[in-house]
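Reading through the structure tokens given below for one structure.
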Amino acid sequence: SNAVWEYSPSEIQQLKQKWGVPLDAFITMTGANIEKLEDKDNAYFELIKKVLEANVNVYHVLVSSINFKKKKHIRNIVGSVFNRFVIVDFTVAFYLFIQASDLYIDSFPQGSALTLVDFIKHKKPVIIKVNEKSPVKSFEEYLYDGYEYACKDADTMLEKINYLIKNKQEYMKISNNVYKYYCDRY
């Protein structure tokens, strides 16, 4: 049996309502300290903006403690799709957040290993950006060799995210593959 705590559909529904997210929305999520997402090009936020622009049924949830000034900065980058960019604080009920989401987009330039693993344990597909300049900043070792959603750059990430959002069969396949690899290995 799974050691992972299971939440009921009604608990998940209540959470989505609290976030202001439609029950049928596809939810992408990132959980990380804001420092892990900051670089001079705002590459992470630009990526999320493009995902939201390309998919009207997608809401992105960023789980992070963010002050008002940084929220304003994010709103300025994300622009007209900011109404589907939800910022929530870290919580002890993080597994509930994971179960309410559909796809994990790892933080970059600095990845978040433990959060990545939590999503894999919950059978959620994960997309990561491999940090070739600084390998200690990305965590592809938790994924099998040749993992199709370990990306070299943000453009590839965008392409792969959009593909998983639209392709249910691929989504299920990747969910099962990452989970099976994790269980066999760890």
Side-chain angles (χ1 to χ4, degrees), residues 1-38 42 44-108 110-128 149 157-158 160-162 164-168 171-172 174-175 178-179:
S1 100
N2 230 347
V4 173
W5 183 254
E6 287 292 334
Y7 287 90
S8 71
S10 71
E11 287 172 300
I12 291 169
Q13 268 183 330
Q14 282 172 344
L15 180 67
K16 288 181 181 183
Q17 283 167 337
K18 194 174 126 187
W19 288 343
V21 173
L23 298 178
D24 61 347
F26 188 100
I27 298 177
T28 57
M29 185 175 282
T30 303
N33 290 329
I34 188 72
E35 293 75 31
K36 291 184 174 186
L37 305 170
E38 294 177 318
N42 297 308
Y44 166 83
F45 297 105
E46 290 291 347
L47 169 67
I48 301 305
K49 175 186 180 177
K50 288 175 186 157
V51 170
L52 294 174
E53 286 171 345
N55 303 281
V56 294
N57 66 319
V58 171
Y59 280 67
H60 183 73
V61 177
L62 173 58
V63 185
S64 192
S65 301
I66 300 177
N67 67 31
F68 180 74
K69 195 177 159 203
K70 290 211 164 128
K71 269 186 190 158
K72 221 173 124 179
H73 176 68
I74 295 166
R75 181 186 286 125
N76 288 340
I77 299 165
V78 177
S80 65
V81 290
F82 187 74
N83 62 321
R84 290 186 286 120
F85 191 113
V86 181
I87 299 171
V88 294
D89 248 325
F90 280 107
T91 174
V92 289
F94 193 57
Y95 283 176
L96 173 59
F97 283 21
I98 294 172
Q99 287 170 31
S101 73
D102 297 295
L103 175 63
Y104 181 67
I105 301 173
D106 198 20
S107 54
F108 70 88
Q110 169 69 60
S112 300
L114 296 174
T115 312
L116 181 76
V117 168
D118 277 339
F119 276 82
I120 292 168
K121 282 194 298 203
H122 282 85
K123 261 187 148 165
K124 302 288 176 170
V126 297
I127 297 219
I128 69 167
Y149 295 88
M157 285 181 86
L158 177 63
K160 302 266 187 175
I161 291 165
N162 287 341
L164 277 180
I165 289 168
K166 292 176 171 76
N167 190 320
K168 275 282 168 255
Y171 177 92
M172 294 310 295
I174 294 301
S175 303
V178 290
Y179 181 71

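Below, all heavy atoms of this structure are taken into account, side chains as well, without hydrogens, waters or symmetry copies.
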* Please report the C-alpha distance between Val126 and Asp106 in whole Å, then the side-chain angles of each, then the deciding distance to 0.1 Å, and finally whether the side chain to side chain contact (heavy atoms under 4.5 Å, CB included) criterion is met. => CA-CA 7 Å; Val126 297; Asp106 198 20; over 6 Å; no

* To do: Go through the steps to decide whether Phe97 and Asp118 satisfy the test side chain to side chain contact (heavy atoms under 4.5 Å, CB included), and finish with yes or no.
  => CA-CA 11 Å; Phe97 283 21; Asp118 277 339; over 6 Å; no

* Residue pair His60, Val78: steps toward the side chain to side chain contact (heavy atoms under 4.5 Å, CB included) verdict -> CA-CA 11 Å; His60 183 73; Val78 177; over 6 Å; no

* To do: Give the intermediate values and the outcome of side chain to side chain contact (heavy atoms under 4.5 Å, CB included) for residues Leu47 and Phe108.
  => CA-CA 11 Å; Leu47 169 67; Phe108 70 88; 3.7 Å; yes

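For the pair Leu62/Ile48, no side-chain contact is recorded, criterion being any heavy-atom separation below 4.5 Å from C-beta on. The side-chain heavy atoms of Val58 and Ile161, taken from C-beta on, include no pair separated by under 4.5 Å.
Remark: Leu23 CG to Lys16 NZ distance equals 6.5 Å, nearest 0.5 Å. Atom OH of residue Tyr59 and atom CE of residue Met29 lie 14.5 Å apart, to the nearest 0.5 angstrom. Of the inter-residue distances, the one linking Ile98 atom CD1 with Phe119 atom CZ reads 4.5 Å to the nearest 0.5 angstrom. The distance from the OH atom of Tyr95 to the NZ atom of Lys121 is 3.5 Å, given to the nearest 0.5 Å. Atom-to-atom distance recorded for Ile120:CD1 and Leu116:CG is 4.0 Å, nearest 0.5 angstrom. Atoms CD1 and NZ, from Ile74 and Lys49 in turn, are 13.5 Å apart once rounded to the nearest 0.5 Å.
A donor-acceptor pair is defined here as one N or O able to donate and one able to accept, closer than 3.5 Å; no such pair exists between the side chain of Asn33 and the backbone of Lys36. Counting only distance, with no hydrogens or angles, the side chain of Tyr171 and the backbone of Asp102 share a donor-acceptor pair below 3.5 Å. Using a distance-only test at 3.5 Å, with no hydrogens or angles considered, no donor-acceptor pair links the side chain of Ser64 to the main chain of Ile66.
For the pair Ala54 and Lys166, the tightest heavy-atom approach, listed with the atom from each and the gap, is O-NZ, 4.0 Å. Heavy atoms only, all atoms of each residue included: Tyr7 and Leu96 are closest at CE1-N, 3.3 Å. Between Lys124 and Val178 the shortest heavy-atom distance is O-CG2, 3.9 Å. The nearest pair of heavy atoms linking Glu53 to Arg84 is N-NH2, 4.4 Å. Residues Tyr104 and Thr30 come closest through the heavy atom pair CE1-CA, 3.8 Å. Ser65 and Ile34 make their closest contact through O-CG2, 4.2 Å (heavy atoms, listed as atom of the first residue, atom of the second, distance).
Residues passing the side-chain hydrogen bond (donor to acceptor under 3.5 Å, both in side chains) test with Asn162, sequence neighbours excluded: Asn55.
With a 6.0 Å radius and a threshold of 12 heavy atoms from other residues, nucleotides or ligands, Leu114 has its CG atom at or below the threshold.
The cationic atom of Lys71 (NZ for Lys, CZ for Arg) does not lie both less than 6.0 Å from the six-membered ring centre of Phe68 and within 45° of the ring axis.
Aromatic ring pairs are classed by plane angle as parallel below 30°, tilted from 30° to 60° and perpendicular above 60°; the pair Phe94 and Phe90 is tilted.
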